[in-house]
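The structure appears right after this line, and notes come after that.
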Amino acid sequence: MSETINVAEAYERGRTQFMGIELQVAPGALVPRPETELLGRTAVEALRRAHLPSPRIVDMCCGAANLACAIALNIPDARVWASDLTDGCVELARRNAASQGAETRITVLQGDLFEALAGLQLEQTIDMIVCNPPYISESRLKGDRASLLMNEPREAFAAGPYGLSIHMRVTKDAPRYLRPGGLLLFEVGRDQDRQVATLLERNDAYENVSVVLDDAGAGRVVMAYAKG
């Protein structure tokens with residue numbers, strides 16, 4: 001989550017572009033960032049390679065549902081469950097799914113991470129989980145990244161003392177929902193790729209952990225497969 005876009009301007013316009021899609025934005029939800037397109041493209045490419053009939057995807061920490069919409073529009077038979085904690089994100093995500101004509105394939109849910117999926121009987125059926133979680137440490141939000149909180153909600157950034165609290169929780173709980181061979185993809189902050197890769201490597205539920213680099217050579221997406 002960088003400041004490569006003018007957040008205040010985006011809120012004033014009420015719209016932004018993400019992977020060629022025009023999406024609504026509103027205070028209370030993070031404005032989608034250009035760097036998150038790497039996660040979106042990586043997810044779409046992996047789904048295309050897999051040639052799955054009606055793939056089932058979870059967009060965890062969905063925010064404005066930019067990833068959910070991009071995946072649904074690029075993979076026309078995909079079924080997506082998008083989840084976030086706050087009223088602002090859930091309301092905006094539903095508006096964006098509807099504005100893209102994808103509301104019948106994107107279900108937006110509210111809850112604390114996987115609690116939002118409880119009772120839907122999705123366990124062991126999900127082909128892919130994408131997650132762009134908060135990943136700024138509390139100390140940095142009080143220091144060099146304090147400006148992030150001028151316009152956008154703390155929940156979009158704060159991730160415990162090391163910036164990895166949500167990565168840790170999702171890593172732990174995702175195997176309950178992923179089918180064998182299903183894929184978990186995270187966006188990570190700069191210099192977090194090794195830590196998140198190690199987190200996945202140390203969990204016996206995953207294999208084939210890899211890191212995807214951005215154009216500057218920084219690892220910004222970490223992915224792993226659920227063991228068969």
Side-chain angles (χ1 to χ4, degrees), residues 1-41 43-44 56-76 78-118 120 122 126 128-136 141 145 147-159 166-167 169-170 185-187 189:
M1 298 164 200
S2 75
E3 296 172 89
T4 52
I5 59 172
N6 188 315
V7 169
E9 239 176 57
Y11 280 149
E12 194 176 327
R13 285 196 311 272
R15 302 193 169 274
T16 195
Q17 292 282 325
F18 182 82
M19 288 180 65
I21 304 164
E22 186 172 81
L23 295 168
Q24 299 177 40
V25 297
L30 184 82
V31 176
R33 302 306 207 251
E35 58 265 36
T36 302
E37 293 190 6
L38 179 63
L39 177 58
R41 290 195 306 272
V44 167
R56 297 157 70 88
I57 298 104
V58 169
D59 177 8
M60 187 58 64
C61 308
C62 70
N66 46 302
L67 288 165
C69 289
I71 290 169
L73 293 180
N74 279 278
I75 309 290
R79 180 83 174 78
V80 186
W81 289 265
S83 163
D84 213 303
L85 181 61
T86 67
D87 294 344
C89 288
V90 170
E91 182 187 331
L92 180 62
R94 286 176 178 155
R95 289 209 312 266
N96 275 325
S99 73
Q100 301 303 324
E103 68 270 34
T104 60
R105 294 190 296 119
I106 299 174
T107 301
V108 181
L109 304 159
Q110 185 166 10
D112 184 11
L113 298 180
F114 289 97
E115 286 176 16
L117 307 183
L120 299 180
L122 297 176
I126 297 300
M128 175 181 285
I129 296 171
V130 294
C131 182
N132 176 21
Y135 52 68
I136 310 292
L141 284 175
R145 306 308 298 276
S147 61
L148 289 169
L149 304 180
M150 286 173 58
N151 292 298
E152 293 173 291
R154 170 176 285 275
E155 296 90 348
F157 301 105
I166 306 299
H167 292 92
R169 289 179 61 198
V170 172
L185 301 100
F186 283 121
E187 179 168 319

Open item on the list: Keeping R105 on the side-chain end and P76 on the backbone end, is there a donor-acceptor pair under 3.5 Å?
Closed with: yes
- [ ] Indicate the atoms forming the closest heavy-atom contact of C131 with L39, along with that distance.
- [x] O-CD2, 3.9 Å
Task: Spacing of CD1 belonging to I106 relative to SG belonging to C69, to within rounding of 0.5 Å - done: 4.0 Å
Open item on the list: Distance check, rounded to the nearest 0.5 Å: L113 atom CG versus C61 atom SG?
Closed with: 5.5 Å
Task: H167 side chain reached by P133 side chain, heavy atoms, under 4.5 Å - done: yes
TODO: Nearest 0.5 Å please: distance from the CD atom of E115 over to the CG atom of L85.
DONE: 9.0 Å
Open item on the list: What's the separation between atom CD1 in I71 and atom CG in N66, rounded to the nearest 0.5 Å?
Closed with: 9.5 Å
Open item on the list: Please report the interatomic distance OG1(T86) to CG(L92), rounded to the nearest 0.5 Å.
Closed with: 9.5 Å
Open item on the list: For M128 versus V130, what's the shortest heavy-atom pair and its separation?
Closed with: SD-CG1, 3.8 Å
Open item on the list: Quick one, T107 and R79 - any side-chain contact, counting heavy atoms below 4.5 Å?
Closed with: yes
TODO: Without swapping roles, check the side chain of R33 against the backbone of V31 for a donor-acceptor pair under 3.5 Å.
DONE: yes
Task: Non-hydrogen atoms of D59 and A65 that approach each other most closely - done: OD2-CA, 4.3 Å
Task: R56: side chain to side chain donor-acceptor pair (under 3.5 Å) partners, not counting sequence neighbours - done: T125
Open item on the list: Quick one: does any side-chain atom of D84 pair with a main-chain N or O of V90 as donor and acceptor, under 3.5 Å?
Closed with: no
TODO: First locate atom CG of L67, then atom CD1 of I57, and finally report the distance between them rounded to the nearest 0.5 Å.
DONE: 11.5 Å
Atom pairs and distances, side-chain donor-acceptor, residues 14-30, under 3.5 Å, sequence neighbours left out:
| from | atom 1 | to | atom 2 | distance (Å) |
| --- | --- | --- | --- | --- |
| Q24 | OE1 | R95 | NE | 2.9 |

Task: Check against side-chain contact (heavy atoms from CB on, under 4.5 Å), F114 and M60 - done: CA-CA 8 Å; F114 289 97; M60 187 58 64; 3.6 Å; yes
- [ ] Can you see which heavy atom on A116 is nearest to which on L109, and at what distance?
- [x] O-CD1, 3.7 Å
